[in-house]
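Numbering starts at 1 and runs along the sequence shown. All values derive from a computational prediction rather than experimental measurement.
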Amino acid sequence: MLEQYRTVRSPGSREVVIRKSRFIGHVMPVDNEEEAMQFIEDIKKQHRNATHNCSAYMIGERDEIQRQSDDGEPSGTAGKPILEVIRNQQVKNVAIVVTRYFGGIMLGAGGLIRAYADGAVLALEAGEVITRVLRREIFVQIDYTWLGKVENELRAKGTKTGETSFTDTVTLLCLPRNDEGDAFVAWITDLTQGQALVTEGRRLYFSEGE
């Protein structure tokens, strides 16, 4: 798993008019190719009267899946520039469709490339590019006498935390970055003089700042 990666927070769309043609950029975060293909089909149904619905998507930790479609525009003038925007913005697990309603003025190959690239950029802006950070669940079970000190030290350290469970003991869910997990376990063990019961859970992605 990647320690972090860039993607979009949510679906979004934004429109621009270029020489009387409407270009609408749509974006969707996707986890697999099936989701990407379904998103593209949904946009095509939504804009069935459009002149073109050109698309591209990139999926996988190492960008293993990359697809593009000119959807009837001259070869290389639509799908490729959309995919290039995805690459240049260094985002992954996203699908973009740029819808065009032809306004009667020919743009030429260069104009089309710029227009579809602009549509893709607008789509990413609408979806809000974020960084997803891999974090490790670490459960720290302590006696109540340690609670104040541990909570204060966690705040001072800036450690992200989740829910706290109260039974006959207290269990705090700590969420350090995955690459800092081992150091965190050593730190919490030293802080509690070895009296904390520390167990590890899943590795999960969180948006930076969450």
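Between Asn93 atom CG and Met28 atom CE the span is 13.0 Å, to the nearest 0.5 Å. Summarising the geometry, atom CD belonging to Gln141 is positioned 12.5 Å from atom CD belonging to Gln195; distances are rounded to the nearest 0.5 Å. Separating the CG atom in Asn32 from the OH atom in Tyr57 is a distance of 10.0 Å, to the nearest 0.5 Å. Atom-to-atom distance recorded for Ile43:CD1 and Cys54:SG is 13.0 Å, nearest 0.5 angstrom. To the nearest 0.5 Å, the span separating CG on Asn88 from CG on Leu124 amounts to 10.5 Å. For the atom pair CE (Met58) and CD (Gln89), the distance works out to 10.5 Å, reported to the nearest 0.5 Å.
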N/O donor to acceptor pairs below 3.5 angstrom from side-chain atoms of residues 170-179, sequence neighbours left out:
unit_1: Arg177; atom_1: NH2; unit_2: Gln4; atom_2: OE1; d: 3.2
unit_1: Asn178; atom_1: OD1; unit_2: Arg136; atom_2: NE; d: 3.3
unit_1: Asn178; atom_1: OD1; unit_2: Arg203; atom_2: NE; d: 2.7
unit_1: Asn178; atom_1: ND2; unit_2: Glu3; atom_2: OE2; d: 3.1

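Contact check for Ser55 versus Ile82: no side-chain heavy atoms found under the 4.5 Å cut-off. Using a 4.5 Å heavy-atom threshold, the side chains of Arg67 and Glu33 count as touching. Counting only heavy atoms from C-beta outward, the side chains of Glu137 and Glu200 never approach each other to under 4.5 Å. With contacts defined as side-chain heavy-atom distances shorter than 4.5 Å, the pair Arg155/Glu151 qualifies. Residues Leu122 and Glu15 form no side-chain contact, since every pair of their non-hydrogen atoms from C-beta on lies 4.5 Å or further apart. Using a 4.5 Å heavy-atom threshold, the side chains of Ser10 and Pro29 count as separate.
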Worked verdict on Lys149 versus Asn152 for side-chain contact (heavy atoms from CB on, under 4.5 Å): CA-CA 5 Å; Lys149 178 178 178 62; Asn152 287 337; 5.8 Å; no
Apply side-chain contact (heavy atoms from CB on, under 4.5 Å) to residues Ile96 and Ile86 and explain how you reach the verdict. CA-CA 9 Å; Ile96 293 177; Ile86 295 173; 3.8 Å; yes
Between Arg19 and Leu107, is a side-chain contact (heavy atoms from CB on, under 4.5 Å) present by the stated rule, with each step listed? CA-CA 8 Å; Arg19 300 187 70 185; Leu107 299 182; 3.6 Å; yes
Determine, step by step, whether Leu134 and Leu2 satisfy the side-chain contact (heavy atoms from CB on, under 4.5 Å) criterion, reporting the C-alpha distance in whole Å, the side-chain angles of both residues, the deciding distance to 0.1 Å, and the verdict. CA-CA 7 Å; Leu134 184 63; Leu2 296 172; over 6 Å; no
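Between the side chain of Asp70 and the backbone N or O of Ala78 there is at least one donor-acceptor pair closer than 3.5 Å. Of the possible polar contacts, none joining the Gln68 side chain to the Leu83 backbone as a donor-acceptor pair under 3.5 Å is found. Judged by distance alone, the side chain of Asp190 and the main-chain N or O of Ala186 form no donor-acceptor pair under 3.5 Å. Panel note: side chain Thr51, backbone Phe102; a donor-acceptor pair is recorded below 3.5 Å. At least one donor-acceptor pair closer than 3.5 Å links the side chain of Ser21 to the backbone N or O of Gly103. In this structure, the side chain of Gln66 engages the main chain of Asp63 through a donor-acceptor pair within 3.5 Å. Put simply, the side chain of Glu41 never gets that close to the backbone of Met37: no donor and acceptor are under 3.5 Å apart.
Between Trp146 and Thr192, the shortest heavy-atom distance links the atoms CZ2-O, 3.5 Å. Ile142 approaches Ala196 most closely through the heavy-atom pair CG2-CB, 3.7 Å. A pairwise comparison of heavy atoms in Ala36 and Ile59 identifies CB-CD1, 4.0 Å as the closest pair. Minimum heavy-atom separation, Ala56 to Gly79: CB-O, 3.8 Å. Scanning all heavy atoms of the two residues, the minimum distance from Pro81 to Gly76 falls at CD-O, 3.5 Å. Looking at every heavy atom in both residues, Ile138 comes nearest to Gly181 through CD1-O, 3.8 Å.
Scored by the ring pair (Phe, Tyr, Trp, His ring centres under 6.0 Å) test, Phe139 finds no partners at all (sequence neighbours excluded). With sequence neighbours left out, the side chain to side chain donor-acceptor pair (under 3.5 Å) criterion links Arg6 to no other residue.
Thr145 and Asp143 share a donor-acceptor pair across their side chains, judged by distance under 3.5 Å alone. Using modelled atom types and a 3.5 Å distance limit, the side chains of His47 and Tyr101 yield a donor-acceptor pair. With 3.5 Å as the limit, one finds a donor-acceptor pair spanning the side chains of Asp42 and Gln38. Thr99 and Asn53 share a donor-acceptor pair across their side chains, judged by distance under 3.5 Å alone. Looking only at atom types and distance, the side chain of Ser207 has a donor-acceptor partner in the side chain of Arg132 under 3.5 Å away. Neither side chain, Gln90 nor Tyr5, offers a donor N or O lying under 3.5 Å from an acceptor on the other.
The residues Lys92 and Glu61 are annotated as not salt-bridged, no charged nitrogen and carboxylate oxygen being separated by less than 4.0 angstrom.
Tracing side-chain contacts under 4.5 Å through hydrophobic residues (I, L, V, M, F, W, Y), one reaches Phe166 starting from Leu154; they form part of the same cluster. Residues Leu204 and Phe184 are members of separate hydrophobic clusters, defined by side-chain heavy-atom contacts under 4.5 angstrom among Ile, Leu, Val, Met, Phe, Trp and Tyr. Note on Val16 and Val98: same hydrophobic cluster, where clusters join Ile, Leu, Val, Met, Phe, Trp and Tyr whose side-chain heavy atoms are under 4.5 Å apart, directly or indirectly. Hydrophobic clustering, with ILVMFWY side chains joined whenever heavy atoms are under 4.5 angstrom apart, keeps Tyr205 apart from Val8. Residues Tyr144 and Leu191 fall within the same hydrophobic cluster, defined by Ile, Leu, Val, Met, Phe, Trp and Tyr side chains chained together at heavy-atom separations under 4.5 Å.
More than 12 non-hydrogen atoms from other residues, nucleotides or ligands lie less than 6.0 angstrom from CD of Glu64. For CE of Met106, the number of neighbouring non-hydrogen atoms (other residues, nucleotides, ligands) closer than 6.0 Å is 12 at most.
In this structure, Phe23 and Tyr116 have perpendicular ring planes: the angle between them is above 60°, well past the 30° mark.
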